[in-house]
Amino acid sequence: MSAASAPPVLHAERREMGISHADFHRVFPRLVSEAEAEFDTAGACIRWADGRRLVVRLAAERERRIALLRLPVTDVHFEFTAFPAAARDAFLARFDRAFQKGGG
């Protein structure tokens, strides 16, 4: 099989994040402004001109309680297609920085 006809590489990853769906939809579009993006209430599908594709799915939002403190929690599922490992790692590092909350 030639490189041109090889199937695209798929990599899936899941993260539990201290964000609400509203947080995701407010911040995430800025990370993919250079790509074609389709958003819905359950996540997003992003396509880059070079053939890379990312599908992000948000699980049901839940709440973590610590004494009287209530924090949103959402499982975020990523499916990367045709993403070289270095590009995937760079995107996830950018994603983590964008959603990083205050602290030390």
Side-chain angles (χ1 to χ4, degrees):
M1 183 180 290
S2 72
S5 62
V9 176
L10 174 68
H11 176 83
E13 187 163 327
R14 177 194 155 282
R15 294 186 178 185
E16 180 183 83
M17 300 189 65
I19 62 171
S20 67
H21 287 199
D23 293 335
F24 174 84
H25 287 292
R26 186 183 73 253
V27 175
F28 190 76
R30 290 181 264 173
L31 294 175
V32 294
S33 60
E34 75 285 358
E36 179 183 322
E38 296 174 28
F39 294 93
D40 61 29
T41 58
C45 180
I46 316 302
R47 290 181 181 85
W48 282 265
D50 63 3
R52 292 176 296 148
R53 182 171 175 251
L54 169 61
V55 175
V56 181
R57 289 285 155 231
L58 304 175
E61 196 175 308
R62 54 191 201 279
E63 191 174 72
R64 177 170 290 133
R65 293 179 185 195
I66 304 170
L68 295 176
L69 183 63
R70 296 176 181 194
L71 302 169
V73 177
T74 302
D75 288 331
V76 181
H77 301 265
F78 301 89
E79 286 184 11
F80 294 92
T81 304
F83 255 84
R88 184 181 65 238
D89 293 346
F91 178 83
L92 287 171
R94 248 177 68 211
F95 179 88
D96 290 340
R97 278 192 308 276
F99 285 95
Q100 185 175 1
K101 297 194 176 173

task = Quick one: do Phe24 and Thr74 satisfy side-chain contact (heavy atoms from CB on, under 4.5 Å)? Show the steps, please.
result = CA-CA 9 Å; Phe24 174 84; Thr74 302; over 6 Å; no
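- In this structure, Trp48 and Phe83 have perpendicular ring planes: the angle between them is above 60°, well past the 30° mark.
- Connection of Phe95 to Val55 is not established within any shared hydrophobic cluster, with ILVMFWY side chains joined at heavy-atom distances below 4.5 Å, either directly or through further cluster members.
- Within the model, atoms CD1 of Ile19 and CZ of Arg26 stand 9.5 Å from one another, a figure rounded to the nearest 0.5 Å.
- Expressed to the nearest 0.5 Å, how far CD1 of Ile46 lies from CG of Leu31 amounts to 9.5 Å.
- Leu58 and Val73 are not part of a single hydrophobic cluster, where members link through side-chain heavy atoms under 4.5 Å apart.
- Here Arg94 contributes atom CZ and Asp89 contributes atom CG; the two are 13.5 Å apart, rounded to the nearest 0.5 Å.
- Here salt bridge (Lys or Arg N to Asp or Glu O under 4.0 Å) pairs that include residues 66-85, with residues two or more places apart or in two chains, are Arg14-Asp75, Arg62-Asp75.
- Leu54 and Val27 fall within the same hydrophobic cluster, defined by Ile, Leu, Val, Met, Phe, Trp and Tyr side-chain heavy atoms under 4.5 Å apart, directly or through other members.
- At least one donor-acceptor pair under 3.5 Å links the side chain of His21 to the backbone N or O of Ala59.
- Partners of Glu63 according to the salt bridge (Lys or Arg N to Asp or Glu O under 4.0 Å) rule, which considers only residues two or more places apart in sequence or in another chain, are Arg65.
- By the salt bridge (Lys or Arg N to Asp or Glu O under 4.0 Å) test, Arg57 is found to be paired with Asp40, residues two or more places apart in sequence or in another chain being considered.
- Both Met17 and Phe80 sit in one connected hydrophobic cluster of ILVMFWY residues. Membership requires side-chain heavy atoms under 4.5 Å apart, directly or through other members.
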